[in-house]
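Note sheet for the following structure.
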Amino acid sequence: MSNNSLTPSTTSVPVSGGDVAAVREFNRCYTSVLGLLREGLLDTPYSLTEARIIFELARQDEVEVAAMRRWLDLDAGYLSRILARFEADGLVRKSRAAADARRQVIALTPAGRAVFGRLDELSSEQIRGLLAPMPAGRRSRLTAAMASVREILAGGPAAGPVVLRPPGPGDLGWVVQRNGALYAAEYGWDQTYEALVARIVADYAARAGQAGEAAWIAEAGGERAGCVFCMRKSDQTAQLRLLLVEPSARGMGTGGRLVDECLAFARRAGYREIVLWTNDVLHAARRIYQRAGFELTGSRAHHSFGHDLVGQDWRLALDRPAAHSDGAPGTTIPVS
């Protein structure tokens, strides 16, 4: 945490010893619950600081070293030593910024992204294990309290956390409506795309509760922010469909989280592979899929939704280690 975020106001009342003790006790409790002070975070060779650096690098294609130092509030020498070790281990590559050769940029290598994928998976499993025994009401109280802590420390309202949940009443209709409206507004696609989405959603609803199929709604601040569906293509193959992220939730990693959740479910359901179909005009989508480990297996020109497009088939073998699909800004992605 940056010291700047905790700089006291000149008009604030004196801080009592009880207040200090309460914050310190919360810190002790939280770090103990998550094991943050162990020598290796999540039983890996990486410290908490090292893991934070890997997480920050995974969010972008390239990061200026100076900017990372400011974000993480780290000593320049300390950060340099960590990055040098990462480079020696083949986790990062250094280069000079294209716009200014005086500035050094750094990015994760494929090996570094594999390490991140493992850390991210372990972190999610740890939190899932922490929350699983809690009734839904206690989970809601916990996440709301965490949001309040962030807002208070930030000195103002903060963007609410993105929560993934199963579809509820009205959600399937929203999926159809938002796909139709967003693609008409952003790509000029006609009503035939909305009709396609309606058929996919109807197929899912007709098989509601069937093993091997699931859907998720992303929610931020009580508002729907995105969705994704995992549907059965065959006994061995799942299909990722209808990934969508609202404009208000882009840049928050929402698309990556939805893809990650879909892949985790497909693995638990016992599928050997997962496929998807999309169109090549959706450049941000390709980055999400590639980072998740999908491989492009074919493309074909077609005329659909009132436009000449190039459809693409993507595939991911589910017996390989999970990769991380985040790092690109969120986008709306048509997937049939």
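- Counting heavy atoms from C-beta outward, Lys233 and Val275 have side chains that approach closer than 4.5 Å.
- Checked by atom type and distance alone, the side chain of Asp75 pairs as donor or acceptor with a backbone atom of Gly77 at under 3.5 Å.
- Connection of Leu296 to Val310 is not established within any shared hydrophobic cluster, with ILVMFWY side chains joined at heavy-atom distances below 4.5 Å, either directly or through further cluster members.
- Taken from CD in Glu121 to CZ in Arg118, the straight-line distance is 5.5 Å, to the nearest 0.5 Å.
- Side-chain contact annotation: Asp308 with His302, donor-acceptor N/O pair under 3.5 Å absent.
- Residues Ile217 and Leu164 fail the side-chain proximity criterion, which asks for heavy atoms closer than 4.5 Å.
- Within the structure, the salt bridge (Lys or Arg N to Asp or Glu O under 4.0 Å) test picks out no pair touching residues 195-205 (sequence neighbours left out).
- Looking at residues two or more places apart in sequence or on another chain, you find a side chain to side chain contact (heavy atoms under 4.5 Å, CB included) between Val23 and Asn27.
- Between the side chain of Arg224 and the main chain of Ala218, no donor-acceptor pair closer than 3.5 Å is present.
- Note on Leu182: it clusters hydrophobically with Val281, by side-chain heavy-atom contacts below 4.5 Å among ILVMFWY residues.
- Side-chain atoms of Glu213 come within 3.5 Å of backbone N or O of Arg232 as a donor-acceptor pair.
- With hydrogens and angles disregarded, a donor-acceptor distance shorter than 3.5 Å links the side chain of Glu50 to the backbone of Ser47.
- Residues Asn279 and Gln312 have side chains not in contact (no heavy-atom distance under 4.5 Å, counting atoms from C-beta outward).
- Here the straight-line distance linking atom CD of Gln239 with atom CD1 of Ile274 works out to 8.5 Å at 0.5 Å rounding.
- To the nearest 0.5 angstrom, Met231 atom CE is 14.0 Å from Leu276 atom CG.
- Between Tyr204 and Leu172 there is a side-chain heavy-atom pair separated by less than 4.5 Å.
- Note that OG1 of Thr297 and CG of Leu316 are 11.5 Å apart. Values are rounded to the nearest 0.5 Å.
- With a 4.5 Å cut-off on side-chain heavy atoms, Thr237 and Arg272 do not count as touching.
- Counting heavy-atom neighbours within 6.0 Å of Glu223 CD, excluding the residue itself, gives a total of 12 or less.
- A heavy-atom distance below 4.5 Å is not found between the side chains of Tyr271 and Asp235.
- Under the 30°/60° scheme for interplanar angles, the aromatic rings of Tyr289 and Phe294 are found to stand perpendicular.
- Rounding to the nearest 0.5 Å gives a distance of 12.0 Å between CD of Glu246 and CD of Glu219.
- Inter-residue side-chain proximity for Ile106 and Phe86 is flagged as unmet; no heavy-atom pair is nearer than 4.5 Å.
- In this structure, Phe116 has its ring center closer than 6.0 angstrom to the ring center of Phe55.
- Between the side chains of Ser16 and Asp19, at least one donor N or O sits under 3.5 Å from an acceptor N or O.
- Residues Val228 and Cys262 come closest through the heavy atom pair CG1-CB, 4.3 Å.
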- request: Start with the C-alpha gap between Arg69 and Glu64, add the side-chain angles, then the distance that decides, and say whether salt bridge (charged side-chain N to carboxylate O under 4.0 Å, His left out) holds.
  value: CA-CA 9 Å; Arg69 187 169 63 245; Glu64 284 192 12; over 6 Å; no
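- Around CZ of Arg165, the count of heavy atoms belonging to other residues, nucleotides or ligands within 6.0 Å exceeds 12.
- Between Tyr187 and Trp189, the angle of the ring planes lies from 30° to 60°, which puts this pair in the tilted group.
- Without hydrogens or angle criteria, Asp190 side chain to Thr192 main chain gives a donor-acceptor distance under 3.5 Å.
- Listed here is the closest heavy atom pair of Phe265 and Cys230: CD2-SG, 3.7 Å.
- The backbone N or O of Ala249 lies less than 3.5 Å from a partner atom in the side chain of Thr254, making a donor-acceptor pair.
- The distance between the ring centers of Phe229 and Trp216 does not fall below 6.0 angstrom.
- Closest approach of Ala266 and Leu318 over heavy atoms only: CB-CD1, 3.8 Å.
- Here the closest non-hydrogen pair linking Gly226 and Leu258 is C-CD1, 4.2 Å.
- No side-chain heavy atom of Val175 sits less than 4.5 Å from a side-chain heavy atom of Leu244.
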- request: Step by step, work out the side-chain contact (heavy atoms from CB on, under 4.5 Å) result for Leu240 and Trp314.
  value: CA-CA 10 Å; Leu240 187 153; Trp314 294 76; over 6 Å; no
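- Formation of a donor-acceptor pair under 3.5 Å by the Ser123 side chain with backbone atoms of Leu119 is not found in this model.
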- request: Check step by step if side-chain contact (heavy atoms from CB on, under 4.5 Å) holds for Ile53 and Leu74.
  value: CA-CA 10 Å; Ile53 292 170; Leu74 292 177; 4.1 Å; yes
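- Taking 4.0 Å as the cut-off between side-chain N and carboxylate O, Glu273 and Arg315 count as a salt-bridged pair.
- Partner Leu242 forms a side-chain contact (heavy atoms from CB on, under 4.5 Å) with one of Ile200, Leu196, Val176 and no other, that one being Ile200.
- Within the 3.5 Å criterion, the main-chain N or O of Arg93 finds no donor-acceptor partner in the side chain of Thr109.
- Contact record, Trp174 with Cys227: CZ3-CB, 4.2 Å, taken as the closest heavy-atom pair.
- Closest of all the heavy-atom pairs between Val162 and Ala220 is CG2-CB, 4.1 Å.
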